[in-house]
Amino acid sequence: KKETMAPDGNIYVLASVVEARNMINFPGFGMRKDWLKKLGLNEPDTIEDWYNILKTFKEKDPNDNGQADEIPFLGGIKTLYYFGEAYGLSITEITKGWAIDENGKVQYHWIHPNLKEFLIEMNKWYKDGLLDPDLLSQSTDKYNARAIGNIAGAVQQYTMMFPQWNAQMKENYPEANWGSVIPPKGPW
């Protein structure tokens, strides 16, 4: 009651009181920093860097279990849209593809010429096995199990998940270190 009461003593809304950590939960890119270190890799800056790192995650068995079970980039189809920003595209769920260009004109990025280059790159990643095989049908339970199951290398996710995943992995995989990385730069 104290949290929802206005200074004049009235309650004007039925509010939800949340912990502060929920209010700073924003989407971002994350990566297994322990895998980067183990493989002698630097954090990615560009789309090309991302491709090379994901390919290395796939080929070099960073979880050291002797199996080719790593999922270099874990997530659903909509998480890939954030890579579109490297192509000058605003195609995430937040914008729905709409953006204002440098001249103040509204553009629809799902028909923008740069989209072709973005799709060519994502197709290459898919063909090379760098993307989650359940990209189109990802369930939350399976996604979280993979994230903490020592088989996923990178994600686009709410960043408050990274410390939670690290805590959940601590007992079985004490070296695990999910951490934020900057969004990739691209040709646009």
Peer 1: I want to check something: taking the side chain as every heavy atom from C-beta on, are Ile53 and Met31 in contact at a cut-off of under 4.5 Å?
Peer 2: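 The answer is yes, as the side chains (C-beta and beyond) meet within the 4.5 Å cut-off.
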
Peer 1: Just jot down the side chain to side chain contact (heavy atoms under 4.5 Å, CB included) partners of Glu59, sequence neighbours excluded, or say none.
Peer 2: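 Applying side chain to side chain contact (heavy atoms under 4.5 Å, CB included) to Glu59 gives Lys55.
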
Peer 1: Under 3.5 Å, side chain of Gln164 to main-chain N/O of Met160, donor-acceptor pair present?
Peer 2: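 Yes, because the side chain of Gln164 sits within donor-acceptor range (under 3.5 Å) of the backbone of Met160.
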
Peer 1: List the steps and the verdict of side-chain contact (heavy atoms from CB on, under 4.5 Å) for Leu80 and Gln156.
Peer 2: CA-CA 8 Å; Leu80 293 182; Gln156 188 285 324; over 6 Å; no

Peer 1: With rounding to the nearest 0.5 angstrom, report the NZ to CD distance, Lys37 to Glu43.
Peer 2: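 Atom-to-atom, Lys37:NZ and Glu43:CD are 13.0 Å apart.
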
Peer 1: Applying side-chain contact (heavy atoms from CB on, under 4.5 Å), run through Leu41 and Asp49 and close with a yes or a no.
Peer 2: CA-CA 10 Å; Leu41 302 169; Asp49 292 343; over 6 Å; no

Peer 1: Could you point out which residue of Tyr87, Trp50, Tyr126 forms a side chain to side chain contact (heavy atoms under 4.5 Å, CB included) with Glu121?
Peer 2: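 Of all the options given, the one that passes is Tyr87.
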
Peer 1: Looking at Thr159 and Gly28, would you say the former's side chain and the latter's main chain have a donor-acceptor pair under 3.5 Å?
Peer 2: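 Such a contact is absent between Thr159 side chain and Gly28 backbone.
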
Peer 1: Of all heavy-atom pairs between Ala147 and Ala152, which one has the smallest distance, and what is that distance?
Peer 2: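 Distance-wise, the nearest heavy atoms are CA-CB, 4.2 Å.
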
Peer 1: Rounded at 0.5 Å granularity, tell me how far CD1 in Ile77 sits from CE in Met122.
Peer 2: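 So the gap between those two atoms works out to 9.5 Å.
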
Peer 1: Check whether any side-chain N or O of Asp61 sits under 3.5 Å from a backbone N or O of Gly66 as a donor-acceptor pair, and report yes or no.
Peer 2: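 Confirmed, Asp61 side chain pairs with Gly66 backbone.
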
Peer 1: If hydrophobic clusters are built by linking Ile, Leu, Val, Met, Phe, Trp and Tyr wherever their side-chain heavy atoms come under 4.5 Å apart, do Leu136 and Ile71 end up in the same one?
Peer 2: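 Leu136 does not cluster with Ile71.
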
Peer 1: Any donor-acceptor pair under 3.5 Å linking the side-chain atoms of Asp69 with those of Asn63?
Peer 2: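 Result is yes, a qualifying pair exists.
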
Peer 1: Using a strict 4.0 Å threshold on nitrogen-to-oxygen distance, state whether Glu93 and Lys78 make a salt bridge.
Peer 2: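 Salt bridge: yes.
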
Peer 1: Tell me, do Trp35 and Trp178 make a side-chain contact under 4.5 Å, heavy atoms counted?
Peer 2: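 The answer is no, as the side chains (C-beta and beyond) never meet within the 4.5 Å cut-off.
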
Peer 1: Mind checking whether Tyr173 and Trp165 have ring centres under 6.0 Å apart?
Peer 2: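 Judged by ring-centre distance (under 6.0 Å), Tyr173 and Trp165 do not meet the cut-off.
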
Peer 1: Check this for me: Glu171, atom CD, are more than 12 non-hydrogen atoms of other residues, nucleotides or ligands nearer than 6.0 Å?
Peer 2: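 No, the 6.0 Å shell around CD holds no more than 12 heavy atoms from other groups.
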
Peer 1: Measure across Glu117 and Trp188 and return the closest heavy-atom pair with its distance rounded to 0.1 Å.
Peer 2: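 Glu117 and Trp188 have their closest heavy atoms at CG-CH2, 3.6 Å.
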
Peer 1: Could you grab the distance from atom CG of Leu131 to atom NZ of Lys124, nearest 0.5 Å is fine?
Peer 2: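 NZ of Lys124 is found 12.0 Å from CG of Leu131.
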
Peer 1: Do other residues, nucleotides or ligands put more than 12 heavy atoms under 6.0 Å from Glu48 CD?
Peer 2: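 Incorrect, the count does not exceed 12.
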
Peer 1: When clusters are formed by joining ILVMFWY residues with side-chain heavy atoms under 4.5 Å apart, either directly or through shared neighbours, do Tyr51 and Val155 land in the same one?
Peer 2: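 No; Val155 is not reachable from Tyr51 via cluster members.
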
Peer 1: Please evaluate residues Thr95 and His109 with respect to the criterion side-chain contact (heavy atoms from CB on, under 4.5 Å), reporting the C-alpha separation (whole Å), side-chain torsions for both, the decisive distance (0.1 Å), and the verdict.
Peer 2: CA-CA 10 Å; Thr95 66; His109 286 182; over 6 Å; no

Peer 1: Report yes if the distance between the aromatic ring centroids of Phe73 and Trp125 is under 6.0 Å, otherwise no.
Peer 2: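 No, too far apart.
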
Peer 1: Check for me, please, whether Val106 and Leu115 land in the same ILVMFWY cluster - side-chain distances under 4.5 Å, paths through other members count.
Peer 2: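 Same cluster: Val106 reaches Leu115 through Ile, Leu, Val, Met, Phe, Trp or Tyr contacts under 4.5 Å.
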
Peer 1: Would you say that Pro62 contacts Glu70 through its side chain, given a criterion of any heavy-atom pair below 4.5 Å between the two side chains?
Peer 2: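 Yes. Closest side-chain heavy atoms under 4.5 Å.
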
Peer 1: Below 6.0 angstrom between ring centroids: does that apply to Phe29 and Phe83?
Peer 2: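 Yes.
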
Peer 1: Identify the two heavy atoms, one from Asp34 and one from Ala176, that lie closest to each other, and give their separation to 0.1 Å.
Peer 2: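 Heavy-atom minimum between the residues: OD2-CA, 3.6 Å.
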
Peer 1: Answer yes or no: is there a side-chain heavy-atom contact under 4.5 Å between Met169 and Arg32?
Peer 2: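 Side-chain contact under 4.5 Å: yes.
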
Peer 1: Evaluate the criterion side-chain contact (heavy atoms from CB on, under 4.5 Å) for residue pair Gln157 and Phe162; output intermediate values, then yes/no.
Peer 2: CA-CA 9 Å; Gln157 173 59 273; Phe162 306 148; 4.1 Å; yes

Peer 1: Any heavy-atom pair between the side chains of Asn150 and Asn65 that's under 4.5 Å?
Peer 2: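 No, too far: nothing below the 4.5 Å cut-off.
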
Peer 1: Would you say Asp45 and Ile182 make side-chain contact, with heavy atoms under 4.5 Å?
Peer 2: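 Side chain of Asp45 against side chain of Ile182, heavy atoms only: contact under 4.5 Å found.
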
Peer 1: For Asn103, does its backbone N or O pair with a side-chain atom of Asp101 as donor and acceptor, under 3.5 Å?
Peer 2: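 Checking the backbone N and O of Asn103 against the side chain of Asp101, a donor-acceptor pair under 3.5 Å is found.
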
Peer 1: Are Pro184 and Ile47 side-chain neighbours, meaning at least one heavy-atom pair lies under 4.5 Å?
Peer 2: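 Yes - at least one pair of side-chain heavy atoms lies under 4.5 Å apart.
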
Peer 1: Could you tell me whether the side chain of Asn123 and the main chain of Leu119 form a donor-acceptor pair under 3.5 Å?
Peer 2: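 Such a contact is absent between Asn123 side chain and Leu119 backbone.
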
Peer 1: Using modelled atom types and a 3.5 Å cut-off, is there a donor and acceptor pairing between side-chain atoms of Thr56 and backbone atoms of Asn52?
Peer 2: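 Indeed, once roles are kept as given, a pair shorter than 3.5 Å links the two residues.
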
Peer 1: Any donor-acceptor pair under 3.5 Å linking the side chain of Asn177 with the backbone of Lys33?
Peer 2: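 Side chain of Asn177 to backbone of Lys33: no pair is present.
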
Peer 1: Side chains of Gln138 and Asp132: any donor to acceptor distance under 3.5 Å?
Peer 2: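 Note: Asp132 and Gln138 side chains meet the donor-acceptor criterion.
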
Peer 1: Measuring from Leu130:CG to Phe57:CZ, what's the distance to the nearest 0.5 Å?
Peer 2: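 So the gap between those two atoms works out to 11.0 Å.
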
Peer 1: Mind checking whether Ile111 and Trp98 sit in one hydrophobic cluster, side chains of I, L, V, M, F, W, Y counted as touching below 4.5 Å?
Peer 2: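 Yes, same cluster.
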
Peer 1: Could I get the full list of side chain to side chain contact (heavy atoms under 4.5 Å, CB included) partners for Asp64, not counting sequence neighbours?
Peer 2: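 Side chain to side chain contact (heavy atoms under 4.5 Å, CB included) check on Asp64 returns Lys38.
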
Peer 1: For the atom pair CG (Leu74) and NZ (Lys142), what is the distance rounded to the nearest 0.5 Å?
Peer 2: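 One gets 11.0 Å once the value is rounded to the nearest 0.5 Å.
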
Peer 1: For the OH atom of Tyr82 and the CG atom of Leu89, what is their distance to the nearest 0.5 Å?
Peer 2: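 Here the interatomic distance stands at 14.0 Å.
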
Peer 1: Any side-chain donor-acceptor pair under 3.5 Å between Tyr143 and Asp134?
Peer 2: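 Distance-only check fails for Tyr143 and Asp134.
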
